[in-house]
Amino acid sequence: MEIQNKIKELRAHTGMNRKEFSIHLGIPLRTIEDWEAGRRTPPDYIPRLIAYQLKYEKLIKDTNKTE
């Protein structure tokens with residue numbers, strides 16, 4: 001899977017639009033747009049870090065629901 005598609009997939013999974021996603025991650029909106037459009041390519045580790053952060057946040061959220 002290409003990096004641009006992985007970024008799109010991660011964002012789609014959150015249900016956020018690009019602006020919300022960029023604010024949530026602290027990444028400029030233009031950067032997210034460029035990554036998704038394939039105009040720029042982030043380093044290979046960026047999608048992994050984003051996925052890790054989103055999984056961690058979900059784990060914390062789920063843990064707090066059960067308490």
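Along the sequence shown, residues carry numbers from 1.
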Novice: Given D62 and K58, is the salt bridge (Lys or Arg N to Asp or Glu O under 4.0 Å) satisfied, shown in steps?
Specialist: CA-CA 6 Å; D62 291 347; K58 183 178 183 322; 2.8 Å; yes
Novice: How close do S22 and I32 get, heavy atom to heavy atom, and via which atoms?
Specialist: CB-CG1, 3.9 Å
Novice: Could you tabulate the donor-acceptor pairs under 3.5 Å formed by side-chain atoms of residues 43-52, not counting sequence neighbours?
Specialist:
none

Novice: Of all residues at least two apart in sequence or in a different chain, which pass the side-chain hydrogen bond (donor to acceptor under 3.5 Å, both in side chains) check with H13?
Specialist: none
Novice: Any chance you could measure T41, atom OG1, to D34, atom CG, to the nearest 0.5 Å?
Specialist: 10.0 Å
Novice: Please tell me if the side chains of Q53 and H24 come closer than 4.5 Å, counting only heavy atoms from C-beta onward.
Specialist: yes
Novice: Checking R11 side chain against M16 main chain: does a donor-acceptor pair fall under 3.5 Å?
Specialist: yes
Novice: Ignoring hydrogens, what is the shortest heavy-atom contact between R18 and E33? Give both atom names and the distance.
Specialist: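 Scanning both residues completely, I find the closest heavy atoms to be CD-CG, 3.9 Å.
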Novice: Quick one: pull up CG in L25 and OG1 in T14 and give me the separation to the nearest 0.5 Å.
Specialist: 8.0 Å
Novice: First locate atom NZ of K61, then atom CG of N64, and finally report the distance between them rounded to the nearest 0.5 Å.
Specialist: 10.5 Å
Novice: Taking only residues two or more places apart in sequence or in another chain, which ones pass side chain to side chain contact (heavy atoms under 4.5 Å, CB included) with T31?
Specialist: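 Result, side chain to side chain contact (heavy atoms under 4.5 Å, CB included) vs T31: I27, P28, W35, R40.
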Novice: Quick one, K8 and E36 - any side-chain contact, counting heavy atoms below 4.5 Å?
Specialist: yes
Novice: Restricting to non-hydrogen atoms, name the atom on I3 and the atom on P42 that form the minimum distance, rounded to 0.1 Å.
Specialist: CG2-CG, 3.4 Å
